[in-house]
Number of protein chains: 2
Amino acid sequence: MSALDNDQKRQPDILQDVARIFRANGFHGTTISVVSERTGLGKSSIYHHFGRGKSEMAQRSLDVVATFMEAMEATAGDTSVPTSARWEAVAKMLREYYENGQLGCLLAVFSLEDVPDELRARTKLLFDRWLAAMTLLCNPDQCDEADAQRFARHAVMMIQGGLVLSRAQSSGDAFEQALAEVASAVSDRS
Amino acid sequence: MSALDNDQKRQPDILQDVARIFRANGFHGTTISVVSERTGLGKSSIYHHFGRGKSEMAQRSLDVVATFMEAMEATAGDTSVPTSARWEAVAKMLREYYENGQLGCLLAVFSLEDVPDELRARTKLLFDRWLAAMTLLCNPDQCDEADAQRFARHAVMMIQGGLVLSRAQSSGDAFEQALAEVASAVSDRS
DNA sequence: AATTATGTACCGATCGTTCGGTACATAGTG
DNA sequence: CACTATGTACCGAACGATCGGTACATAATT
């Protein structure tokens, strides 16, 4: 190990910090000076990593979400595993990503706030992707496509609602109940 | 009709405008200049109506929510009406208040953003009040208290999730599905 | 006349962003 | 080897704009 990379912060870490700030404070609540404090970087140094400023920070944070959606899609669509086990794997990912309901959802805050059009558009697409991933948890023998889409919406709404309530109450109970309700909905269709 | 109230804006109308802006843009996304534009009032006029500034605007907006919660509590607890009809009355109120899922929830945006402590505390209390109101839709013969609280959380989470998804997709479909799912949950317990 | 409502002008602080420049590591050139 | 680029990572200082908020004079209503 060289002495170099020991002290400095790596690029992915910076992005993770930024994404986390957006998730906790929203778009308008995230200021460059807060990013500067939390990352330990000077204000101007941030513009070295995110050349187009705040909008690039938001976009790259959505990239992180997109990666998570891909992983969730792969897990939900792994037909070598029974449906209920697939959901349990997805639930585990969700618990980790949302830190048991303590950490907010980037898609939710960007949806509820008034954000620039480019962000709003990508947020919508990522929600569609999430919905598509959730339909993979439906057994095609048990339910038709419309039913699968209803289930996907049910799951995403449940999780989002659980996150909102958990944040409001500073307790992960609601989030955990939401996951449990989705689990029973999964077992109803498999 | 006097010439007075024709031209100028009435106090309750101003508050309604302000609350609507908070619901659409969030706390940090709501600026005094935007409030000035949307209400048509000059800056000093705004500070005449809300002496303590932005924090008072937010608090009084929460007052509006509190009034709505009271009304919902009364409707949900009107035992002279069968349970399913009570829910339908509540659903109607919700559709109106959230404008079929197009308009966001003040409690949700205040929960997801990083707002001053006084706002966060009141937001939490109002969520508790909402939950309490929803338990009134449970028939005490059919379910015990723990079950009623689970139902209340289910309902609130469903609605909040529906609002998030509806806003993201610019379509009231998710919100409507959420209301329908709560309706069937109500009929399961009555 | 007193009270309420509004407009003009202004304030310090902070916003997102850019500027000019430093430190250092690597790559090419003589 | 010495020497000059070139690139990466960072910083403090400052920019114009906007933030939330105030002071004060004026107009309207009671």
Side-chain angles (χ1 to χ4, degrees), chain A residues 1-19 21-22 24-62 109-110 113-120, chain B residues 1-19 21-22 24-62 109-110 113-120:
Chain A
M1 46 179 169
S2 65
L4 311 173
D5 46 16
N6 216 1
D7 204 24
Q8 299 176 293
K9 211 154 196 175
R10 298 162 159 275
Q11 275 234 22
D13 293 337
I14 297 173
L15 180 55
Q16 289 296 333
D17 284 346
V18 170
I21 297 169
F22 274 121
N25 300 351
F27 182 76
H28 296 288
T30 297
T31 67
I32 308 296
S33 41
V34 166
V35 173
S36 170
E37 287 169 17
R38 296 273 248 277
T39 59
L41 265 52
K43 263 193 347 175
S44 46
S45 305
I46 294 168
Y47 281 81
H48 174 70
H49 296 278
F50 304 92
R52 292 195 327 282
K54 193 175 179 177
S55 69
E56 183 172 342
M57 295 179 214
Q59 290 286 2
R60 299 256 304 270
S61 296
L62 284 179
V109 298
F110 282 2
E113 281 183 282
D114 189 44
V115 295
D117 285 346
E118 39 178 16
L119 287 182
R120 174 167 294 311
Chain B
M1 48 180 168
S2 66
L4 311 172
D5 46 16
N6 216 359
D7 202 26
Q8 47 196 158
K9 216 151 195 174
R10 299 159 157 276
Q11 275 232 23
D13 293 338
I14 297 173
L15 179 56
Q16 289 296 333
D17 283 347
V18 170
I21 297 170
F22 274 121
N25 300 350
F27 182 76
H28 295 288
T30 298
T31 67
I32 308 297
S33 42
V34 167
V35 172
S36 173
E37 286 171 18
R38 296 273 248 276
T39 59
L41 265 53
K43 234 177 171 189
S44 60
S45 306
I46 294 169
Y47 278 85
H48 173 70
H49 293 285
F50 304 92
R52 294 196 326 283
K54 192 174 178 177
S55 68
E56 183 173 341
M57 295 179 213
Q59 291 284 2
R60 300 255 305 270
S61 296
L62 284 179
V109 299
F110 283 1
E113 281 183 282
D114 189 44
V115 295
D117 285 346
E118 37 177 17
L119 287 182
R120 174 166 292 305

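Small disclaimer: the values here were computed from a predicted structure and weren't measured. In the text below, chain A, chain B and the rest are named by the order of the sequence lines, each starting its count at 1.
To the nearest angstrom, C1' of D:dA9 lies 9 Å from CG of A:L41. Atom C1' of nucleotide D:dT8 and atom CD1 of A:I46 are separated by 17 Å, given to the nearest angstrom. Spacing between atom CD1 of B:I21 and atom P of D:dG20 amounts to 12 Å, rounded to whole angstrom units. A straight line from CD of B:E37 to C1' of D:dG20 spans 15 Å, rounded to a whole angstrom.
Phosphate contact (OP1/OP2 of D:dC10, side-chain N/O of A:H48, threshold under 4.0 Å): absent.
The two residues A:L41 and A:S36 have their closest heavy-atom pair at O-OG, 2.6 Å. Heavy atoms only, all atoms of each residue included: A:P116 and A:F27 are closest at CD-CE2, 3.8 Å. In plain terms, the two heavy atoms of B:R60 and B:H49 that are nearest each other are NH1-O, 3.3 Å.
In this pair, B:F22 and B:F110 present their aromatic rings perpendicular. The plane angle is above 60°, beyond the 30 to 60° band.
Within the 4.5 Å cutoff, no side-chain heavy atoms of A:T30 are placed close to those of A:M57. For the pair B:L15/B:F50, a side-chain contact is recorded, criterion being any heavy-atom separation below 4.5 Å from C-beta on.
For residues 39-55 of chain A, every residue pair satisfying the salt bridge (Lys or Arg N to Asp or Glu O under 4.0 Å) rule, not counting sequence neighbours, is listed here: A:R52-A:E56.
From B:E113, atom CD reaches atom CD of A:E113 across 4.5 Å, with rounding to the nearest 0.5 Å.
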Please enumerate all protein N or O atoms sitting under 3.5 Å from an N or O of nucleotides 14-20 of chain C, with distances to 0.1 Å.
unit_1: C:dC15; atom_1: OP2; unit_2: A:S33; atom_2: OG; d: 2.9
unit_1: C:dG16; atom_1: OP1; unit_2: A:T30; atom_2: O; d: 3.2
unit_1: C:dG16; atom_1: OP1; unit_2: A:K54; atom_2: NZ; d: 3.0
unit_1: C:dG16; atom_1: OP2; unit_2: A:I32; atom_2: N; d: 2.7
unit_1: C:dT17; atom_1: OP2; unit_2: A:Y47; atom_2: OH; d: 2.8
unit_1: C:dT17; atom_1: OP2; unit_2: A:K54; atom_2: N; d: 2.9
unit_1: C:dT17; atom_1: O5'; unit_2: A:Y47; atom_2: OH; d: 3.2

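In the helix from C:dA1-D:dT30 to C:dG30-D:dC1, the terminal helix axes, each the rotation mapping four pairs' C1' atoms onto the next four within five end pairs, subtend 10°, rounded to 10°.
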